[in-house]
Every structure is written in C-alpha cells, then in structure tokens.
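Have a look at the structure below, then the notes.
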Amino acid sequence: MHIQKVVIENFKCFEGRFKLDLNEGLNILVGDNEAGKSTVLEAINLALSGWINGRYLKTELNESLFNKKVVEAYLKEVNDNTGNILPPSILIELYCDFGDKSINANFTGRENSEKDSKASGIKFTISFNESQHQEYISGIRQLNEQLCSLPIEFCDFTWESFSGDQKIPGTIPIKPALIDSSNFRYSNGSDVNASRIIRDRLTFEEETSISQAHRKLKDAFSMHESVKKVNEKIQQDISDKRVSLQIETSTKTSWESSLIPYLDDIPFQNVGKGEQCLVKTKLSLHHKKTIESNILLVEEPENHLSHSKLNELVSYIKQNNNSKQIIISTHSSFVANKLGLKSLILLNVDEVSKKRKEFRIASLDLGTQKYFEKLSGYDTLRLILCKKAILVEGDSDELIIQKAYFEKNKKLPIENGVDVISVHSLAFKRFLDIAKELSQPVIVVTDNDGKYDDKITKKYSAYESISTIKICADTDDSLPTLEPQIVEANKEDLDILRKALKIDKDTYPDKESIIKYMENNKTDCAINISDTSENIKFPQYILDAIDWEYE
C-alpha cells in the first residue's frame with residue numbers, strides 16, 4: 001500500500017491547487033523555510049487520521065488552517081458586497097494504491113478533482129455549510145458590518161472515497177505514523193505517541209494481560225492502608241458522594257497514560273530528544289500491523305541528533321523501508337545524500353506566481369548518486385536551495401571570491417542568495433550533474449593547472465551548451481593557480497599587495513618570491529587579503545564569475 005499522489009488546495013501555505021507525485025518507497029522533501037515541506041506531511045497525516053498538532057481536528061479547527069491569501073480575498077469580496085460569495089474550502093486528496101484489487105475497487109471512482117474514474121483514493125474536505133454561511137453573510141450586510149475573520153463556526157470536515165462513499169479514518173487501510181522530533185506532546189507525563197506505537201506491537205492477548213495487571217495494580221493501590229487513610233481524610237466537607245484517589249482504569253487502554261516506557265531506568269520523556277526520535281522511528285518502522293502498511297512521516301530527523309546518531313538513524317531507515325512508504329523533510333545534506341538523491345523532491349516558491357512548485361532530480365546519473373551517498377558530507381542542499389552557486393576548490397579561493405564580491409557589491413554573496421561553496425575539484429562535475437537536472441545557475445571557479453585545454457575545455461565540454469552553467473578559469477597556462485593569478489593582477493603596484501599580505505620588499509623583492517610565499521602560505525595570505533583595506537585587484541576570471549548574471 002502506498003500513496004501515489006497528493007493534491008492540496010488552500011491548506012496553509014498552499015494557495016490554490018498543488019499536486020505532488022510520490023515515490024512508492026522513499027521520498028525526501030527539501031526546500032527553504034516556509035516552502036511547504038512540513039505542510040505536506042501535516043496534510044497527509046490529517047487526511048489519513050483527522051489529527052493535527054497532536055490533537056483531533058475538531059478541537060483544532062481554526063482560520064489558520066486556510067491559506068492566508070485565499071482568506072484575505074474572501075473577506076474582501078464579502079466586505080465589497082460583490083454578490084453571492086463562495087466561502088473558501090480546503091481539499092486534500094490522496095491517490096492511493098491499496099495493494100488489493102477489492103480494496104482498490106471500494107475506493108475507485110470519479111469523485112476526485114481530476115475526474116479520473118480509474119483513480120482510487122481518499123478525499124478530505126474542510127468546508128462551510130453553504131446555507132448557514134449565506135444566511136450569516138446576509139445578516140452581516142443588512143447590519144452594514146465588516147467581516148474581519150472566517151465564520152469558522154459554520155465549518156466542518158468530511159472524508160469520502162473516490163467512489164463517493166463516506167469514510168472515517170478508521171476505515172482507511174493506510175495508517176500514518178508522524179514523527180516530529182522538534183515537537184513532543186505529553187499527557188500526564190507520558191509520551192502518548194510512544195505508548196501507542198508500543199501498544200501496536202502487542203498481540204490482543206498481551207494487551208489484555210497488561211490491562212488486567214494495570215487493573216490489579218489499581219485494586220492494590222486502593223486497598224493500601226495509607227491510601228485508605230488519605231481517602232477518609234479528603235472525604236470530609238467535599239461531596240455527599242464518596243471521594244477517593246484511585247488509579248484511572250476506566251477504559252481498555254487507560255494504561256497508556258499511566259504506564260510509560262523507560263530507557264535504562266529513565267522515563268522515556270526524560271531521555272534526550274535525539275534518542276526519543278531514534279526510538280520512535282525504529283518502533284514505527286516495525287509496526288506489527290503490516291496489513292495497514294503505515295506511512296512513516298518524519299519531520300527533520302536531524303533535530304537533536306549528533307552526527308553519529310543521525311548516521312545511525314539514517315542507516316536504520318535505509319535498511320528497514322522495504323515495506324513502508326517513507327516521507328522525510330530535511331535541511332540536512334547528509335540525510336539527503338545518505339538516503340539517495342534520486343528520492344529527493346525540491347519544494348520552492350515560483351518567483352512569478354508566488355505559488356509552491358516542485359522539482360526532481362529525475363535522471364541523475366547513477367554514479368553521481370552513489371558518489372554523494374558514499375561521500376555524504378558534501379553540501380548538496382546548499383547548491384540546491386540557493387539562488388545561484390559559485391563552486392570553488394578550497395578555502396583560499398572561497399575567501400578571495402567573498403572579498404571580490406563584497407568589494408563590488410558592498411554585500412557578501414549570501415546576502416544576495418549567492419552561495420560560495422568549497423568543493424574538491426574532483427566533485428565539480430558531480431555538482432554540475434545536479435545543477436543541470438534542476439536548471440540551477442552555477443559558476444565553477446577553478447585553476448587551469450597549466451593545461452587549460454585538458455583541464456577546462458575538454459573536462460567541461462559536456463556543460464558548454466547549458467545556459468545555467470558557467471566555467472571561469474584563466475586561459476594563460478603560465479598562470480596555473482590562484483596565487484600567480486593574484487600577483488599578475490597586481491604587478492603594476494606590488495607594494496599594495498605586499499601591504500595586504502603583511503610582507504616586506506627586502507625579503508620579497510619580485511613577483512616570483514611573492515608567488516612562492518603565497519603558495520607556501522595559501523590560507524594565511526587569503527585571510528590577509530580578505531581583511532585588508534588596500535585596493536587589491538582581482539584576476540579577470542574571478543571578476544567574470546561574480547559579474548555573471550543568468551538570464
């Protein structure tokens with residue numbers, strides 16, 4: 001069982017209709033803050049369970065669930081008195097493959113936004129009662145009042161299958177497990193989510209035996225002599241009925257709120273958040289009710305986790321996701337690289353329409369995928385999420401680029417959405433493979449190593465026709481690296497360069513001696529140039545890189 005596609009309309013940050021196809025196994029959602037990653041997870045969980053923010057929707061239904069722009073447009077129409085106004089509604093559709101022909105048949109029909117009669121799935125709607133709404137709006141207009149917020153009291157929510165049958169979450173075969181390590185909710189000191197996951201690993205007989213043991217504990221507690229004395233004391237002047245302190249056992253699963261998991265004799269809610277996230281994820285991956293084929297929704301697993309713990313979690317997810325559909329949101333390049341860039345889905349905001357859209361690395365070379373999976377420390381998401389990237393070979397190059405950019409624009413590159421990323425030269429082509437798939441503007445600033453034709457022209461020939469990629473290197477083979485390039489650019493006034501490098505003329509009288517000094521002290525020289533107030537000149541290929549504008 002898995003979700004093939006999710007359609008979200010007017011829910012939170014999604015203005016209008018948004019469609020997202022999902023992989024059967026692993027899905028990695030990446031994007032800038034407020035791109036909609038968490039909202040996708042929330043929408044799926046809400047449509048399958050009726051829960052949001054850790055509570056049932058009935059208690060959480062409010063205006064903030066509706067897209068702000070849609071609400072503002074609605075209020076304007078009402079207050080401008082432009083005729084019969086249709087109130088906004090929220091739609092979440094899950095197009096599913098339930099893995100069973102008979103189940104699919106029960107959920108198949110044309111009751112979906114695409115009117116696809118062969119589609120099977122669930123439609124979840126939050127909408128207004130139209131007659132009550134129109135009556136209320138008419139009253140507002142008669143009183144000549146302004147409507148300042150949604151009349152949410154006339155709003156309700158429903159489920160139905162694509163066949164048109166009314167449904168409730170308990171009848172939907174796919175069950176979600178949402179793990180958000182940044183948000184933990186407790187009830188009576190107990191992590192309810194952890195207790196429920198543990199309960200779902202038990203057989204009926206095991207659950208019954210725990211419930212019986214819990215009830216016997218209640219009986220023993222009530223009969224304890226000290227408890228009897230306390231109950232006699234609190235009885236006075238409170239009520240005509242008998243008042244007593246007891247362990248709560250009124251429901252079959254009441255043990256969940258009073259019995260809690262312990263790790264090394266420490267209550268689960270008191271262990272580190274990272275360990276909680278790790279344990280919950282492992283429990284969810286081994287949910288006993290395989291017929292329900294739980295969807296595992298993981299919100300930013302890197303939160304609270306050290307690098308080693310994150311590696312443990314990611315490896316565990318990768319090894320145990322064969323029978324589960326997993327949707328993960330992350331800002332971590334390590335998570336994206338380790339799990340596999342082929343599963344990556346980039347969410348961002350269209351610059352023109354200001355609406356959410358998605359991109360995929362659909363045909364990324366298998367070798368590139370494996371490269372980043374093995375060397376998962378590379379900052380691939382920095383490349384993917386920035387407006388424009390400048391790739392350099394090392395720390396010295398990065399400092400010089402930052403300085404040259406600041407001298408020209410009086411801002412650091414990152415302040416304009418330009419990310420300068422230090423990448424080993426052997427990885428340049430791997431990053432460019434990603435940039436090519438996403439049409440991401442990228443500039444490579446590199447040395448010619450004294451072999452411009454081999455190291456530049458031939459090496460990057462495959463990217464020559466791609467308008468979003470630019471390779472910047474000097475064509476003069478006699479200037480193979482950055483250091484002689486800088487000296488050459490400042491040859492008319494070497495004293496300025498010496499002042500910037502904090503060296504004297506007697507020790508370093510000519511270009512050759514300065515070049516040798518810079519090559520032996522690369523990072524220190526780059527730092528000094530970065531900090532200097534001297535009017536340093538930069539090589540033309542570096543100026544070309546910072547001046548390049550993608551059209």
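Quick note: numbers below take in every heavy atom, side chains included, and nothing from hydrogens, waters or symmetry partners.
Residue Glu135 places its CD atom among 12 or fewer non-hydrogen atoms of other residues, nucleotides or ligands, all under 6.0 Å distant. For Glu24, the CD atom counts as loosely surrounded, since its 6.0 Å shell holds 12 or fewer non-hydrogen atoms of other residues, nucleotides or ligands. Heavy-atom contacts from other residues, nucleotides or ligands closer than 6.0 Å to CD of Glu34 number 12 or fewer.
Remark: the backbone N or O of Gly109 is not paired with any side-chain donor or acceptor of Ser163 at under 3.5 angstrom. When atom types are taken as modelled, the side chain of Asn67 and the backbone of Lys12 share a donor-acceptor pair closer than 3.5 angstrom. Panel note: side chain Asn45, backbone Leu41; no donor-acceptor pair is recorded below 3.5 Å. Side chain of Arg110 to backbone of Gly164: no donor-acceptor contact under 3.5 angstrom is found. Looking only at distances, no side-chain donor or acceptor of Asp419 sits under 3.5 Å from a matching main-chain atom of Ile421. A side-chain donor-acceptor contact under 3.5 Å links Asp100 to the backbone of Ser102.
The nearest pair of heavy atoms linking Thr39 to Cys13 is OG1-SG, 3.8 Å. Scanning both residues, Leu26 and Asn23, for their nearest heavy atoms gives O-ND2, 3.0 Å. Counting all heavy atoms, side chain and backbone alike, Ala435 lies closest to Leu383 at N-CD2, 4.4 Å. Among all heavy-atom pairs drawn from Asn104 and Ser120, the shortest one is OD1-OG, 3.5 Å. Smallest separation of non-hydrogen atoms from Gly50 and Tyr56: O-CD1, 3.2 Å. Across all their heavy atoms, Pro169 and Ser49 have their closest contact at CG-O, 3.5 Å.
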Would Arg17 and Val7 count as a side chain to side chain contact (heavy atoms under 4.5 Å, CB included) here? Give the steps. CA-CA 7 Å; Arg17 191 169 187 271; Val7 172; 3.6 Å; yes
### Steps toward side chain to side chain contact (heavy atoms under 4.5 Å, CB included) verdict (Val418, Ile390)
CA-CA 7 Å; Val418 179; Ile390 300 177; 3.9 Å; yes
Could you walk me through whether Gln440 and Ile434 pass the side chain to side chain contact (heavy atoms under 4.5 Å, CB included) test, one step at a time?
CA-CA 8 Å; Gln440 177 75 332; Ile434 296 174; over 6 Å; no
Glu549 and Lys388: CA distance, side-chain angles, deciding distance, side chain to side chain contact (heavy atoms under 4.5 Å, CB included) verdict: CA-CA 9 Å; Glu549 293 293 336; Lys388 183 168 68 176; 4.2 Å; yes
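Rounded to the nearest 0.5 angstrom, Leu65 CG and Asn10 CG are separated by 12.0 Å. Between the SG atom of Cys155 and the CG atom of Leu150 there is a distance of 7.5 Å, given to the nearest 0.5 Å. Once rounded to the nearest 0.5 Å, the distance linking CD1 of Ile28 with CD1 of Ile326 reads 10.0 Å. The distance from the CD1 atom of Ile8 to the CG atom of Leu20 is 7.5 Å, given to the nearest 0.5 Å. Atoms CG and NZ, on Leu296 and Lys324 in that order, are 8.5 Å from each other to the nearest 0.5 Å. Distance CE/Met1 to CG/Asp97: 9.0 Å, rounded to 0.5 Å.
In this structure the side chain of Tyr463 reaches within 4.5 angstrom of the side chain of Asp433, judged on heavy atoms. Between Asp116 and Phe162, every side-chain heavy-atom pair lies at or beyond the 4.5 Å cut-off. No side-chain heavy atom of Glu153 sits less than 4.5 Å from a side-chain heavy atom of Gln132. Within the 4.5 Å cutoff, side-chain heavy atoms of Ile92 are placed close to those of Leu46. Here the side chains of Leu48 and Ile3 are in contact, with some heavy-atom distance below 4.5 Å. Within the 4.5 Å cutoff, the side chain of Tyr74 has heavy atoms near those of the Leu147 side chain. Using a 4.5 Å heavy-atom cutoff, the side chains of Ile466 and Leu432 are not in contact. Between Phe128 and Pro151 the shortest side-chain heavy-atom distance falls below 4.5 Å.
With respect to Lys58 and Asp156, a salt bridge is recorded, a charged nitrogen being found less than 4.0 Å from a carboxylate O.
In this structure, a donor-acceptor pair under 3.5 Å is absent between the side chains of Ser329 and Glu300.
Scored by the ring-ring contact (aromatic ring centres under 6.0 Å, His included) test, Phe11 finds no partners at all (sequence neighbours excluded).
Considering His331, Glu42, Glu299 as possible partners of Lys37, the one that fulfils the side-chain hydrogen bond (donor to acceptor under 3.5 Å, both in side chains) test is His331.
Sorted by first and then second residue, the ring pair (Phe, Tyr, Trp, His ring centres under 6.0 Å) pairs involving residues 12-49 (not counting sequence neighbours) are Phe14-Phe18.
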